[in-house]
Number of protein chains: 2
Amino acid sequence: MRKLKYAILGLINRKPMTGYDLTAEFDKALGSFWHAKHSQIYPELKKLTEENLITYETVIHGEKLEKKVYTITEKGKQELKNWILRDEPLEPTPKDVFKLRAYFIELMNKEEIILQFSRQLAKRQKKLEILKSAMEELLKTKDISNVISEEFGDYIVLKGAIMREQTYIDWLKECLDIVAKSSE
Amino acid sequence: MRKLKYAILGLINRKPMTGYDLTAEFDKALGSFWHAKHSQIYPELKKLTEENLITYETVIHGEKLEKKVYTITEKGKQELKNWILRDEPLEPTPKDVFKLRAYFIELMNKEEIILQFSRQLAKRQKKLEILKSAMEELLKTKDISNVISEEFGDYIVLKGAIMREQTYIDWLKECLDIVAKSSE
DNA sequence: TACACCATGTAAGGTGTTACATGATTTG
DNA sequence: CAAATCATGTAACACCTTACATGGTGTA
């Protein structure tokens with residue numbers, strides 16, 4: 001599977017970058033559906049280099065600071081193109097710790113349920129606001145009219161993230177509503 | 001964090017079960033937000049037993065087949081209750097391989113995009129139908145009027161899963177719509 | 001009597017997190 | 001000049017999957 005491999009190849013294909021840049025990308029745009037720490041990224045870059053899917057050039061920044069700027073190879077592009085067209089079975093549903101707690105709702109009393117759901121709601125609303133700001137920024141600065149473009153890719157995943165968070169919020173509100181109205 | 005620990009404690013708290021039963025539960029109801037293989041469950045059961053959070057009784061089924069039926073202890077109940085009330089920061093967004101592909105949309109042509117999104121749509125629609133059938137069954141056989149009950153827990157997580165899948169489908173349709181209408 | 005299902009476990013390896021470790025550059 | 005950020009790496013450990021390994025029970 002090696003999914004991190006393709007996440008990295010895809011990003012480096014967009015434009016050459018360092019391991020540090022990749023880490024930052026995973027914290028920004030991709031953060032709404034993928035993430036990885038630098039401790040996982042650096043070894044993977046080493047592996048991809050050994051497999052001749054990427055190459056690097058050492059660039060000196062300032063006096064001494066060495067950066068490794070990675071570029072995708074033809075072989076890397078081929079593998080990436082091949083992966084993107086693959087038809088794979090649906091992944092198992094992602095794990096959700098809050099829903100695990102919600103499932104065992106019988107362990108809480110009414111007040112405790114309302115407290116837990118309200119706290120989750122506040123966190124999700126905050127997250128949704130951040131995503132919405134990112135979307136506003138994207139629409140202001142980028143042209144998404146061409147569907148075969150990086151910008152359109154950025155747009156659809158952000159759109160998906162906003163829709164997902166909004167639905168999670170709707171679900172939380174619905175649960176809260178039922179609980180609040182119950183006589184228990 | 002040992003989340004599997006609490007998933008198992010919660011299930012055994014509902015009623016005593018074997019490792020095999022737990023595995024089956026993770027494939028059914030909980031499947032919409034949690035899962036684990038038996039190879040992970042058996043070692044965890046051993047660990048929880050050593051920690052005195054659960055105990056087991058060996059039951060002979062038929063002539064020789066030995067089953068270990070696990071029961072939660074008072075200590076286990078306390079830990080579970082304590083965990084369920086905890087306030088933890090939002091988990092990082094779950095990884096989504098399809099969205100990773102969608103993000104790198106610039107690597108596909110219009111036909112390929114439509115093919116990939118249509119295939120995903122078909123799989124998600126099938127999954128949604130299964131979830132809806134499960135909900136129909138649940139509403140027919142269980143009483144969810146008491147919010148402090150296992151049945152209500154079953155209901156809300158299933159409801160959440162249906163909403164999540166419906167939104168994913170809406171997103172896929174919206175993407176397909178934009179792509180289909182594009183002149184590219 | 002074969003096949004599906006019940007039942008429990010271990011081993012090897014891949015994936016991911018936290019912590020350890022070090023040093024340079026930029027900005028207030 | 002201190003703090004934030006840039007930059008790269010390794011080690012230990014936790015988590016999770018795939019495959020290996022074994023045997024019993026129910027049913028068509």
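Computed from a prediction, not measured in an experiment: that's the story for all the values here.
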**Request:** Output the single nucleotide from dT26(C), dT25(D), dT10(C) whose closest atom is nearest the side chain of Glu63(B).
**Result:** dT25(D)
**Prompt:** Side chain of Gln40(B): nearest nucleotide among dT10(C), dT17(D), dT8(D)?
**Reply:** dT17(D)
**Item:** Rounded distance in Å - CD1 (Ile60(B)) to C1' (dT8(C))
**Value:** 13 Å
**Whole-Å gap separating P (dT10(D)) and CG (Leu45(A))** = 11 Å
**Asked** Looking at the rings of Phe104(A) and Tyr6(B), which for Trp means the six-membered one, are their centres under 6.0 Å apart?
**Response** no
**Request:** Assign each of Gly62(B) and Lys67(A) to its nearest nucleotide of DNA chain D by heavy atoms, then name whichever residue's nucleotide is nearer the 5' end.
**Result:** Lys67(A)
**Message:** Just N and O in the side chain of Lys64(A): are any of them under 4.0 Å from OP1 or OP2 of dA7(D)?
**Reply:** no
**Message:** Can you tell me if Ser39(B) touches the phosphate of dT18(D), counting only side-chain N or O atoms and a distance under 4.0 Å to OP1 or OP2?
**Reply:** no
**Message:** With a 6.0 Å cut-off on the ring centroids, do Phe33(A) and Phe98(B) count as close?
**Reply:** no
**Message:** I'd like to know if Arg2(A) pairs up with Glu51(A) as an ion pair, taking the criterion as any Lys NZ or Arg NE/NH1/NH2 lying under 4.0 Å from an Asp or Glu carboxylate oxygen.
**Reply:** yes
**Prompt:** Nearest of dT25(D), dA19(D), dT17(D) to any side-chain atom of Leu65(B)?
**Reply:** dT25(D)
**Protein-nucleotide distance (Arg2(B), atom CZ; dT17(C), atom P), rounded to Å** = 19 Å
**Request:** Measure the distance from NZ on Lys46(A) to C1' on dT15(C) and round it to the nearest whole Å.
**Result:** 18 Å
**Asked** Looking at dG24(D), does its base get a donor-acceptor pair with the side chain of His61(B) below 3.5 Å?
**Response** no
**Message:** Please tell me if Tyr20(A) has a side-chain N or O lying less than 4.0 Å from either OP1 or OP2 of dT8(D).
**Reply:** no
**Message:** Measuring to OP1 and OP2 of dG16(C), would you say a side-chain N or O of Lys37(A) lies under 4.0 angstrom away?
**Reply:** no
**Passing candidate, side chain to side chain contact (heavy atoms under 4.5 Å, CB included) with Leu107(A), options Leu85(B), Ile148(B), Leu80(B)** = Leu80(B)
**Prompt:** Below 4.0 angstrom from OP1 or OP2 of dC15(D), is there any side-chain N or O of Lys5(B)?
**Reply:** no
**Asked** Does Lys95(B) or Thr18(B) map to a spot on DNA chain C nearer the 5' end, using the closest nucleotide for each?
**Response** Thr18(B)
**Asked** Rounded to whole angstroms, how far apart are CD on Glu66(A) and C1' on dA24(C)?
**Response** 11 Å
**Asked** For Tyr42(B) and dT18(D), what is the distance between atoms OH and P respectively, to the nearest whole Å?
**Response** 18 Å
**Message:** Classify Lys3(B) by what it touches in the nucleic acid, base, sugar-phosphate, or nothing, heavy-atom distance under 4.0 Å.
**Reply:** nothing
**Request:** Starting at atom NZ of Lys28(B), determine the distance to atom P of dC5(C), rounded to an integer number of angstrom.
**Result:** 13 Å
**Request:** Choose from dG9(C), dG24(D), dT10(D) the nucleotide whose nearest atom is closest to any side-chain atom of Tyr70(B).
**Result:** dG9(C)
**Prompt:** Choosing from dT18(D), dG16(C), dT25(C), which nucleotide comes nearest the side chain of Met1(A)?
**Reply:** dT18(D)
**Prompt:** Does the distance from a Lys or Arg side-chain N to an Asp or Glu carboxylate O, for Glu88(A) and Arg101(B), drop under 4.0 Å?
**Reply:** yes
**Request:** Measure from CD1 on Ile41(A) to C1' on dG9(D) and round the result to the nearest Å.
**Result:** 13 Å
**Message:** I'd like to know if Glu174(B) and Lys159(A) make a salt bridge, using a cut-off of under 4.0 Å between side-chain N and carboxylate O.
**Reply:** yes
**Item:** Phosphate contact (dG9(D) OP1 or OP2) by Lys68(A) side-chain N/O below 4.0 Å
**Value:** yes
